[in-house]
Trainee: 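Have a look at the structure that comes next, please.
These numbers come from the heavy atoms of this one structure, side chains and all, not from hydrogens, waters or symmetry mates. By convention in this document, chain letters (A, B, ...) are assigned in the order of the sequence lines, proteins followed by strands, and residues within each chain are numbered from 1.
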Protein chains: 2
Amino acid sequence: MTLSEEDYIKAIYHLSEFNSKSVATNAIAEQMKTKPSSVTDMIKKLAEKSLVNYKKYQGVSLSEKGRLVALSIIRKHRLWEVFLVDKLNFSWDEVHVVAEQLEHIKSDALIDKLDAHLGFPKVDPHGDPIPNKDGVFTKSVKKLISELPVGSQGVCVGVNDSSAAFLKFLDKNKISLGDTFKILEIEEFDESVTISTRSGSIRISKQIATNLFLEIVDVE
Amino acid sequence: MTLSEEDYIKAIYHLSEFNSKSVATNAIAEQMKTKPSSVTDMIKKLAEKSLVNYKKYQGVSLSEKGRLVALSIIRKHRLWEVFLVDKLNFSWDEVHVVAEQLEHIKSDALIDKLDAHLGFPKVDPHGDPIPNKDGVFTKSVKKLISELPVGSQGVCVGVNDSSAAFLKFLDKNKISLGDTFKILEIEEFDESVTISTRSGSIRISKQIATNLFLEIVDVE
DNA sequence: ATATTATTTTAGACAAAACTAAAAAATTGT
DNA sequence: ACAATTTTTTAGTTTTGTCTAAAATAATAT
C-alpha cells in the first residue's frame, strides 16, 4: 500500500464513520485537500484492489478489506499518540501531525511491541478507542458531564462554552483537555457533580457540568 | 527533502565515510539498487540544491550542507535504533530495517524528546556514535580485543572467525554481539585478557581476543 | 599510442499521483 | 418537466523517480 492510498482509505473511513452511507467524491477531495478529478483517479485504483465499493457517480464506501486497512492505520496512529504523550511528554494537542507520519511505518512487530510497552492502552490521549490487531474496538461516545450517571469515566475532550471566564475557571481548577475524570456523586438538590481527577476530587456546579464534554468508552 | 533524496544523501555519505574522496556513479547505483542513469539524474537534482559537489564524469561528494543533512538522518536512525532495542526489546540485528523507515519522520521536537527519553545516548546498539544536533560526533574505531590497552571499553560488533565452534564458545560464555565489554587486565605471560561483561567478568585466551572486534568510541 | 573496455551521461519512455479544462451525469428550483 | 446548477468523470498534461538504449568520455592494455 502506498502512503497516498493509505491516506485516502483513512479519509473515506472517517467520512463514513458516522453516516455509514457512501461518501461523495467532493467530500473526499475537500478532506484530502485535492481536486475531485484526482479523487476519481485514486478511487478507481482502490476499486481495482477491491479496497472500496465503487459505481460511477454513486460515491464510494470501504469494502470489508478496506475497513480493516483503515482500522490498522488508526490503531497505529492512536498507539503512537499514546507514546508521544505518555513517554515523550508531548502535550495533548501537539501529537496529531507527528502521528500522521508515524502511522505509515510498516512493521507488525513494531506495533505489537509498542502496544506492550505502553501497557496495552484502550484509548488514545483524545479519549478515542484503539482498535486491536483484528480491528475490534469499543465505540466511544461524547457526552456532557451533566448527562452521565454516577460511575461513568472518560477523557475530557471539549468545552461547550469557550469564553475566557470559563477557560480561566478550568485553569484555576487544574482541569485540562486530555484529563481522565470519574463521576463520583451527583447532588440531587442542585445537580452539582463531584468528579475525581488526578489531583483529588472536586465538586463542580451544574453550569460547569453542562459545559464539559467527556469521551466515554465501554458504554456500548 | 524527498524520501528518495534523503536516501541518496545517506548512501553518498556512507560511501565516502572512509575514503573521503568523490564517489562513483556506479558505486551509488549498486548501493541504491538502481541504475547508473537514474543516479546521474538524481545527482543533478541534488547539485541544483547544492547538497553535493558535482562535475560530469568526476563523481560526487557531499557539500557541507549535504553532510549536515546526512548526519541528521544518521542521528535519527541511530536514536531510533536505541529506542527499539532499549525500550521495545528488539534484538540487536532486527532494528535496522525499521529504523530505515523511522529515520525519515520529520519533526525536530520528536527527535529532541526521543533523545531525552533515551538519556542522551552516545552510541547506537551497534556501537556506532550518534551525532548531536549540530552533526558533531566522536568517530569510532573497530579493533580486535587483542589490540586494545587495559581500560578500553566498547561494543562487541563482530567476529573474525565465524566457525561453528567459535560461535558455540561465545554462546556458552554468554557473549553476544551488541554487548558492552571493558578490558580489565591483560596477562603478560600468555596474553590472555580479562573483560567485564554485564554478567560479571571472564578471562579469554589470546586466541579468542584476536577474534572478537569491539567498536570503540572516544579514542581520538 | 591507440584500440578495447568500462564508466558515465544523454535522450526518450513509463508509471504514479497530481493538475486543468471540458464533457457527462445527477440534482435542484421554479 | 425541464432549465440551471452542481457533482463527477474523462482527456490530456505535469512532475518525480525510475527505466532502456545509445552516445560520450575515461581508463586500460598491448
Trainee: Measure from OH on Y54(A) to C1' on dT9(D) and round the result to the nearest Å.
Mentor: 7 Å
Trainee: Treating R75(B) as the side-chain partner and P131(B) as the backbone partner, does any N or O pair qualify as donor plus acceptor under 3.5 Å?
Mentor: yes
Trainee: Hey, does the side chain of T40(A) come within less than 4.0 Å of dT9(D)'s phosphate (OP1/OP2), counting only N and O?
Mentor: yes
Trainee: Let's test your reading of the model: under 3.5 Å, does the base of dT20(D) pair with the side chain of S37(B) as donor and acceptor?
Mentor: yes
Trainee: OP1 or OP2 of dT10(D) sitting under 4.0 Å from any side-chain N/O of K44(A)?
Mentor: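 It does, given that an N or O in the side chain of K44(A) lies less than 4.0 Å from OP1 or OP2 of dT10(D).
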Trainee: Grab the CG-P distance between N26(B) and dT5(C) for me, whole Å please.
Mentor: 18 Å
Trainee: How many whole angstroms separate atom NZ of K55(B) from atom C1' of dT25(D)?
Mentor: 16 Å
Trainee: Whole Å only: how far is the CG atom of D7(B) from the C1' atom of dT16(D)?
Mentor: 14 Å
Trainee: Does D179(B) pair with K174(B) as a salt bridge, N-O distance under 4.0 Å?
Mentor: no
Trainee: Output the rounded distance in Å from OH (Y57(A)) to P (dT5(D)).
Mentor: 19 Å
Trainee: Just by distance, with hydrogens left out, do H126(A) and E81(A) show a side-chain donor and acceptor under 3.5 Å apart?
Mentor: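 Present: a donor and an acceptor within the cut-off.
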Trainee: Starting at the 5' end of DNA chain C, which residue's closest nucleotide do you reach first, Q58(A) or K33(A)?
Mentor: K33(A)
Trainee: If I compare all heavy atoms of A70(A) with all of L62(A), which pair ends up nearest, and what's the gap?
Mentor: CB-CD1, 4.0 Å
Trainee: Between H104(A) and D7(A), do the side chains contain a donor N or O and an acceptor N or O under 3.5 Å apart?
Mentor: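 The criterion, which ignores hydrogens and geometry beyond distance, is satisfied for H104(A) and D7(A).
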Trainee: As a test of reading the structure: which of dT18(D), dT9(C), dC19(D) is closest to the side chain of S4(B), going by heavy atoms?
Mentor: dT18(D)
Trainee: Of the nucleotides dC19(C), dT10(D), dT18(D), which one has an atom closest to the side chain of K35(A)?
Mentor: dC19(C)
Trainee: Between dT10(C), dT20(C), dT8(C), which nucleotide gets closest to the side-chain atoms of K56(B)?
Mentor: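 My answer, after comparing the listed nucleotides, is dT10(C).
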Trainee: Rounded to whole Å, how long is the line connecting atom OH of Y8(A) with atom P of dA16(C)?
Mentor: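 From Y8(A) OH to dA16(C) P: 15 Å.
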Trainee: Students often get this wrong, so: under 4.0 angstrom with heavy atoms, is T34(A) touching a base, only sugar-phosphate, or nothing?
Mentor: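 Here T34(A) touches the backbone only, sparing every base.
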Trainee: Send over the distance from M42(B) CE to dT15(D) C1', rounded to a whole Å.
Mentor: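 The answer, rounded to whole Å, is 13 Å.
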Trainee: Whole angstrom is fine here: how far is it from CG in D41(A) over to P in dT10(D)?
Mentor: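 Atom-to-atom, D41(A) to dT10(D), this comes out as 9 Å.
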